Every structure is written in C-alpha cells, then in structure tokens.
Amino acid sequence: MTLRIHNTLSKQKELFNPIVAGRVGIYLCGPTVYKPAHIGHAVGPVIFDVVKRYLTYKGFQVNWVVNITDVDDKIITEAAARGVSVTQLARELEQQYVDALAALDVTSIDAMPRASEYVPQMIEHIQGLIDRGYAYVVDGDVYFDVGKDDDYGKLSNRKPEEQFAGTRDGLLGKGKRNPGDFALWKAAKPSEPDDVKFPSPWGPGRPGWHIECSVMSARLLGETFDIHGGGMDLIFPHHENEIAQSESLTDKPFARIWMHNGLTRFNTKKISKSDAEMQKAMQELQLTNLLAKYPSELLRFLILSSHYRAPIDFSDSTIDAARKGLDTFYRLFERIERLTGSNPYEAGVRIEQLFEVATDPSAHALVKDVLAEQLRFLEAMDDDFNTAAAIGVLFDIAGLINRYIEQSRLEIRRSEQPRTFAAAATHTLVFLGRLLGMFLRPAKKQSPGDDALSGDLIALLIDVRNQARQTRQFEIGDLIRNRLDALGILLEDRPDGTGWRRK
RNA sequence: GGCCGCGUACCCAAGUGGUUCAAGGGGACGGAUUGCAAAUCCGUUAUUCGUCGGUUCGAAUCCGACCGCGGCCUCCA
C-alpha cells in the first residue's frame with residue numbers, strides 16, 4: 001500500500017516519498033497569539049496529529065514543528081488595548097493554546113518555536129536576500145522584490161503583474177518597487193513597546209509576518225523538507241511568500257508537499273475576526289469554551305468526520321449527530337466489557353492474531369470481514385488521509401461485532417469462543433481508532449455530580465423495580481423508569497439483568 | 001474583475017470513468033427482541049449525484065457554459 005497526498009503545488013495527489021528514507025519533517029503554521037484560539041485553530045493540529053500517528057504507524061520517524069507567532073501588529077494593538085505587555089499577552093495565549101491542544105490529545109508536536117526567539121536568524125536570512133539582490137531597504141523597512149522572483153505565484157497560481165495591476169497607489173506604500181512586494185523587516189514606530197523592538201542592521205524593528213516560517217523551518221527541519229501545512233487561507237500571501245523568500249536564498253525547493261486544510265465555518269461563513277456578527281459566535285467557538293462544553297473526543301471526531309480539505313460546518317446539529325454516532329462505539333465497548341470481561345481500552349489480542357484458530361464458521365466470517373474492513377481503513381488513510389472514509393469503516397466494524405454478538409447469542413450464553421472473538425475484534429477496532437487519536441481512554445461515563453451514593457440509590461431502585469416486574473406490577477416498574485428517565489438516567493433491561501446509563 | 005474550492009438523499013458526509021460507485025453517520029418508517037421500553041440486529045428511505053450541453057461503448061466522476069454558495073486577492077488556521 002502506498003500513501004498518496006494531495007499537493008497544493010501540483011493540485012493533485014502525489015505518491016509520498018520522504019527526502020530522507022524513513023524520516024519525515026512536517027511544518028504546520030501555528031497561531032498568531034493575539035486572541036483566544038477558536039475551533040478553527042484546532043483543525044490543523046488535529047489533522048496533522050493524525051498524519052503523524054499514521055506515518056508513525058507506517059514506520060516513519062516524524063519530526064513535527066508548529067510555530068507560535070508572538071511578534072505581530074495585532075498582538076501589539078491587542079496588548080495595548082488590554083494594558084499588558086506584548087510578551088505577557090503572547091505567553092498567556094500561547095499557554096491557553098497549548099493546553100487546549102493537550103486536551104484534544106494533540107501531544108505529538110515535537111517543537112513549538114516562537115518567532116521572537118529566532119530574530120537573529122531572520123536578520124541573517126534577510127541580509128542574505130539583500131546580498132543576493134532579492135530584497136531592498138527603504139527607510140528602515142526591508143522589502144522582498146517579487147519582480148526578481150521568476151516563479152513567484154506558483155503556489156497560488158497568481159502572477160504579480162496581473163494580480164496587482166490597477167491597484168490603488170496605497171498598496172505601493174512608501175517606496176515599494178512593486179505593489180506585491182512584502183515586508184521582510186518593519187522599522188519600529190516610536191509608539192511601539194520595547195519588547196517588539198529588535199536591533200538590526202537597518203535599525204530597530206521587527207520581522208515581517210512570513211519570514212519566521214522560512215527561517216524556523218529551515219533551522220529545525222532543513223532548507224528542504226517534506227510537508228508544509230496550514231489553513232487554505234494561508235496559501236496567499238503567506239505561503240507564497242515563504243516559498244519566495246526561502247527559495248530565493250537557497251536556490252533549493254522549500255517544502256515538497258503543501259497540505260492545506262479547509263476552513264471551519266459557522267452558519268456557512270468562515271470564522272473571521274473582523275465580521276461583527278461573527279464576534280458573538282467567536283466567543284462560543286473559542287476552544288476553551290468548547291472544551292468546557294463538549295468532550296474533546298467529540299470535537300476530534302467531528303473534525304475527522306469530513307475530509308481535511310473540505311470545509312467543516314460547525315453547529316449544534318452537527319455536534320449532536322456526531323455525539324450520537326460516537327455513542328455507538330461507547331456502547332459497544334461497554335457491552336464487550338460486560339459480556340467478555342475484556343477491557344477494550346487495555347492491550348489485548350487483536351482479531352488478526354486469531355486467524356488460524358477461527359474454525360467455527362461464524363467466527364471465521366467475523367475474522368475475515370474485520371480483516372477486510374481493516375484493509376479498507378488503511379486504504380482510506382493511504383488515500384490522502386481520508387479520515388471520513390476511515391471513520392465509516394469503524395462504524396462498519398462496530399456493526400460486524402454487534403451482529404456477531406447477536407448471532408452467537410452472547411447476551412444469553414456466554415460461550416468461551418464468541419467472547420474471545422468479539423473481544424479481539426473490538427481490540428482491532430480500538431487499534432484502528434487510535435490511529436485517528438480516538439478511543440485513547442474510556443469515555444467519561446459519569447457526570448461530575450455523581451457519587452457512590454447515587455449509584456447505590458439507582459441500584460436500589462432497579463431492585464425494587466425488578467421485584468415489582470416479577471409480580472407483573474408494571475405500573476410501579478414503569479413509574480420508576482420514567483422518573484429516572486426524567487432525571488437523565490436510562491434503564492436498560494437486558495437478558496442478564498438491568499443496567500443503567502446517563503442520557 | 002483575477003485566482004481557488006464547493007454544490008451527492010430530510011440533515012451531515014465518502015466516492016473523481018465501468019463489474020459491490022452511489023460508503024458511513026444522524027433522522028424517519030417497518031420488522032425481530034422486550035410485559036412495554038432502551039440497546040442491538042434485520043429491512044426501507046438518491047434509477048440519481050446544482051442546471052444545460054458535449055466527449056465516450058460507458059460519467060456523479062472528463063470538457064464547456066450557466067446558476068448558487070464560499071474562500072483568497074489587506075490580517076487570518
């Protein structure tokens with residue numbers, strides 16, 4: 001099986017072969033820390049977390065870098081508005097972001113470099129571009145000269161002459177040679193705080209937006225590396241400019257593969273910072289708020305339920321549907337533990353290890369079918385990380401296991417062999433889910449308000465109810481069930497007794 | 001205006017030339033099971049893939065036009 005990845009540069013899926021055999025370098029554009037991160041900021045990290053998990057599974061050693069932009073106009077403005085220092089604001093929001101990613105089980109990032117800590121290297125890079133004639137200085141600013149870069153625009157398919165033809169003079173700025181020229185270095189303004197003033201050969205100032213990614217990726221991954229990721233909205237100008245300033249200095253290809261994820265939408269609109277109507281929604285869509293409201297696994301599941309290049313529409317109804325879908329797996333896991341005594345979250349025999357001993361026809365069929373599904377899962381992942389299709393396969397496997405449980409009447413007769421196979425199939429299911437960063441640990445079954453006493457009381461009510469049912473006093477039984485239902489407790493009468501769960 | 005993406009059932013969402021390609025989830029409706037439920041299982045729910053043309057023996061899938069939605073072209077994951 002071979003992995004193919006869609007490359008924005010070529011606009012098609014390409015066979016993946018790393019530069020150095022067995023090793024993969026990935027750079028993902030992280031956030032500018034000037035406002036709390038929203039759900040859209042989690043999409044890239046979750047997807048690349050899966051990319052890393054999958055590549056690791058395939059035997060690659062992955063080095064994944066996500067940058068933090070902590071020097072920027074917007075941070076300066078926001079910090080001034082809040083009356084805190086730029087550094088203070090940036091660190092606070094960075095910590096929030098890191099915490100949110102940890103909550104989402106995005107724990108596989110290898111380095112999170114800060115722009116502010118690579119300024120000397122950026123200056124070196126900029127000086128190199130000046131020396132090579134690709135950049136010029138104007139009153140303490142340094143601009144990249146897009147006119148000197150023959151293939152400028154190859155990523156976003158734009159030609160600077162056409163793109164900026166007839167643009168207003170305003171874009172020309174002070175002393176720009178071409179309207180499309182972008183700042184590599186911005187001279188400090190007197191009003192700006194000291195913690196964003198860095199000394200440079202061109203006077204005090206700070207780096208432009210794009211240069212940090214070129215420099216930090218080169219330092220941490222090499223001048224040419226395997227995969228560069230980010231949101232679709234970064235293709236132009238950010239990534240285009242990264243390519244220009246990197247390749248103009250090194251004469252080497254920058255990133256081999258560009259992966260761009262679709263943007264998260266709310267009411268079909270991009271979650272944007274400037275839209276007034278969006279401001280209110282933004283509050284709700286902040287990662288910290290969402291993580292307080294929903295299990296993180298649900299957010300991850302929702303993100304992975306559509307292909308990474310498609311936009312995700314975020315709404316209560318999509319969340320709700322995702323939650324109900326996820327419950328299918330949770331119920332299966334509970335069922336398996338109850339019927340087989342095997343904990344799906346703990347290491348156990350997977351079904352592929354039982355191929356030889358599956359002599360019983362239905363067990364044999366289960367093994368065969370689950371293995372076929374496993375293949376489909378891997379094929380989906382190999383096809384540009386099609387997590388949506390992969391999740392579809394997980395549902396199919398869950399169906400196979402439930403069907404097998406029904407067929408072998410496991411609820412009634414707990415025969416040895418069906419228990420073993422059902423448990424093993426579930427271990428395979430969990431194993432595949434974990435390639436997506438799912439099913440890492442048992443889902444929370446209880447609410448914060450639950451305690452031992454309420455559990456005992458429910459058990460007591462169940463006993464009373466079953467006594468009543470045995471004497472066919474169903475009104476009493478139903479009363480208890482309905483009243484518990486109103487409290488959010490769902491009773492389930494199974495062949496082996498009555499269980500309960502929260503709605 | 002230029003560039004890019006999208007438009008698949010009631011909703012979400014895979015599929016980008018042909019035998020299982022119309023996955024999967026939610027919802028709804030039948031059936032099995034249950035005292036009744038819940039859960040689970042079985043079945044039904046798109047002869048059709050925005051519209052109209054074209055290419056082809058054959059298209060949701062390729063080409064063209066059009067309609068609709070969105071993104072970028074200024075900061076943005």
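All chains are named by letter (A, B, ...) in the order of the sequence lines, taking the proteins before the strands, and each is independently numbered beginning at 1. The model shown is predicted, which means the values in this text are computed figures rather than measured ones.
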Worksheet, complete the sentence: From the candidates B/A14, B/A23, B/C36, the one with an atom nearest any side-chain atom of A/Asp396 is B/A23
Item to complete: Looking at every strand, decide which applies to A/Ile235 at a 4.0 Å heavy-atom threshold: base, sugar-phosphate, or nothing.
Response: nothing
Practice prompt. Give one of base, sugar-phosphate or nothing for A/Leu490, where a contact means two heavy atoms less than 4.0 Å apart.
Written response: sugar-phosphate
Worksheet, complete the sentence: Stems with RNA chain B, 3 or more Watson-Crick or G-U pairs in a row (under 3.5 Å), are B:1-7 with B:67-73, B:10-12 with B:24-26, B:27-32 with B:40-45, B:50-54 with B:62-66
Discussion item. Distance check needed: B/C11 P versus A/Ile312 CD1, whole Å only.
Written reply: 20 Å
Item to complete: Determine whether the aromatic ring centres of A/Phe431 and A/Phe439 lie less than 6.0 Å apart.
Response: no
Worksheet item: Looking at residues 470-487 of chain A, who's got a heavy atom less than 4.0 Å off RNA chain B?
Response: A/Phe474, A/Asp478, A/Arg481
Worksheet entry | Euclidean distance, atom CD1 of residue A/Ile271 to atom P of B/G71 [Å, nearest integer] | 12 Å
Worksheet item: When you check the gap from the basic side-chain N to the acidic O, do A/Lys189 and A/Glu192 get nearer than 4.0 Å?
Response: yes
Item to complete: Could you tell me which residues satisfy side chain to side chain donor-acceptor pair (under 3.5 Å) with A/Arg82, sequence neighbours excluded, listed by chain and number?
Response: A/Glu78
Discussion item. Categorize A/Arg4 for me: base, sugar-phosphate, or nothing, with a 4.0 angstrom heavy-atom threshold over every strand shown.
Written reply: nothing
Worksheet item: Just checking A/Thr264: base, sugar-phosphate only, or nothing, at a heavy-atom cut-off of under 4.0 Å?
Response: base
Discussion item. So A/Gly399, base contact, sugar-phosphate only, or nothing? Heavy-atom distance under 4.0 Å.
Written reply: sugar-phosphate
Discussion item. Under 4.0 Å, counting only non-hydrogen atoms across every strand here, what does A/Gly230 touch: a base, just sugar-phosphate, or nothing?
Written reply: sugar-phosphate
Worksheet item: A/Arg465 has an atom CZ; how far is it from atom C1' of B/U34, in whole Å?
Response: 11 Å
Practice prompt. Take atom CD of A/Gln407 and atom P of B/C42, then tell me their distance rounded to the nearest Å.
Written response: 8 Å
Worksheet entry | Side-chain N,O (A/Asn386) to OP1/OP2 (B/G15) below 4.0 Å | yes
Worksheet item: Using the benzene-type ring in the case of Trp, are the ring centres of A/His260 and A/His239 under 6.0 Å apart?
Response: yes
Worksheet item: Looking at A/Asp49 and A/Lys52, does any basic side-chain N land under 4.0 Å from a carboxylate oxygen?
Response: no
Practice prompt. Tell me what A/Arg309 touches on the nucleic acid: a base, only sugar-phosphate, or nothing, going by heavy atoms under 4.0 Å.
Written response: nothing
Discussion item. Between P on B/A39 and CD1 on A/Ile405, what's the gap in Å once rounded to a whole number?
Written reply: 16 Å
Worksheet item: Nearest to the side chain of A/Asn402, which nucleotide is it out of B/C41, B/A39, B/U16?
Response: B/C41
Response to the item:
Judged by nearest nucleotide, the residue sitting upstream toward the 5' end of RNA chain B, A/Lys324 or A/Ala398, is A/Lys324
Fill in: Side-chain donor or acceptor of A/Asp360 paired with backbone N/O of A/Ala363 under 3.5 Å
yes
Worksheet item: Taking the side chain of A/Thr318 as its heavy atoms from C-beta onward, which of B/A14, B/U16, B/C12 lies nearest to it?
Response: B/C12
Discussion item. Need one value for A/Asp320: base, sugar-phosphate or nothing, where a base atom within 4.0 Å counts as base even if backbone is also close, heavy atoms only.
Written reply: nothing
Worksheet item: Are the charged groups of A/Glu212 and A/Arg114 less than 4.0 angstrom apart, N to O?
Response: no
Worksheet item: So, are A/Asp151 and A/Lys154 salt-bridged, with charged N and O less than 4.0 Å apart?
Response: yes
Worksheet item: Just to confirm, is there a sub-4.0 Å distance from OP1 or OP2 of B/U40 to any side-chain nitrogen or oxygen of A/Arg494?
Response: no
Worksheet item: Of the nucleotides B/A38, B/G2, B/C41, which one has an atom closest to the side chain of A/Glu406?
Response: B/C41
Worksheet entry | A/Gly262 vs A/Lys11, nearer the 5' end of RNA chain B by closest nucleotide | A/Lys11
Fill in: Side-chain N or O of A/Asn261 closer than 4.0 Å to phosphate OP1/OP2 of B/A77
no
Worksheet item: Once you round it to whole Å, what is the distance between P of B/U16 and CD of A/Glu379?
Response: 13 Å
Discussion item. Under 4.0 Å, heavy atoms only, any strand: does A/His307 hit a base, just the sugar-phosphate, or nothing?
Written reply: sugar-phosphate
Item to complete: To the nearest Å, give me how far apart CZ (A/Arg331) and C1' (B/G26) are.
Response: 12 Å
Response to the item:
Taken to the nearest whole Å, CH2/A/Trp64 to C1'/B/A77 is 12 Å
Fill in: Among A/Arg4, A/Arg309, A/Lys13, the one residue meeting salt bridge (charged side-chain N to carboxylate O under 4.0 Å, His left out) with A/Asp384
A/Arg309
Discussion item. Tell me if the aromatic rings of A/Phe144 and A/Phe182 count as close, with their centers under 6.0 Å from one another.
Written reply: yes
Practice prompt. Using a 4.0 Å heavy-atom cut-off across all strands, classify A/Asp493 as base, sugar-phosphate, or nothing.
Written response: base
Worksheet item: Which one, B/A39, B/C3, B/C4, comes nearest to the side chain of A/Arg158?
Response: B/C3
Fill in: Among B/C36, B/C73, B/U40, the nucleotide that comes nearest once only the side chain of A/Phe236 is considered
B/C73
Worksheet item: Does the distance from a Lys or Arg side-chain N to an Asp or Glu carboxylate O, for A/Glu492 and A/Arg501, drop under 4.0 Å?
Response: yes
Worksheet item: Can you tell me how far P in B/C12 sits from the matching atom in B/G17, rounded to whole Å?
Response: 26 Å
Item to complete: Looking at every strand, decide which applies to A/Ser317 at a 4.0 Å heavy-atom threshold: base, sugar-phosphate, or nothing.
Response: nothing
Fill in: B/G26 OP1/OP2 closer than 4.0 Å to side-chain N/O of A/Thr328
yes
Discussion item. So, OP1 or OP2 of B/C72: does either fall under 4.0 Å of a side-chain N or O from A/Lys270?
Written reply: yes
Practice prompt. Can you figure out which of B/A77, B/G24, B/C42 approaches the side chain of A/Thr32 most closely?
Written response: B/A77
Worksheet entry | Residues A/Arg465, A/Asp493: salt bridge by 4.0 Å N-O rule | yes
Practice prompt. Select base, sugar-phosphate, or nothing to describe what A/Gly499 touches, counting heavy atoms under 4.0 Å on all strands.
Written response: nothing
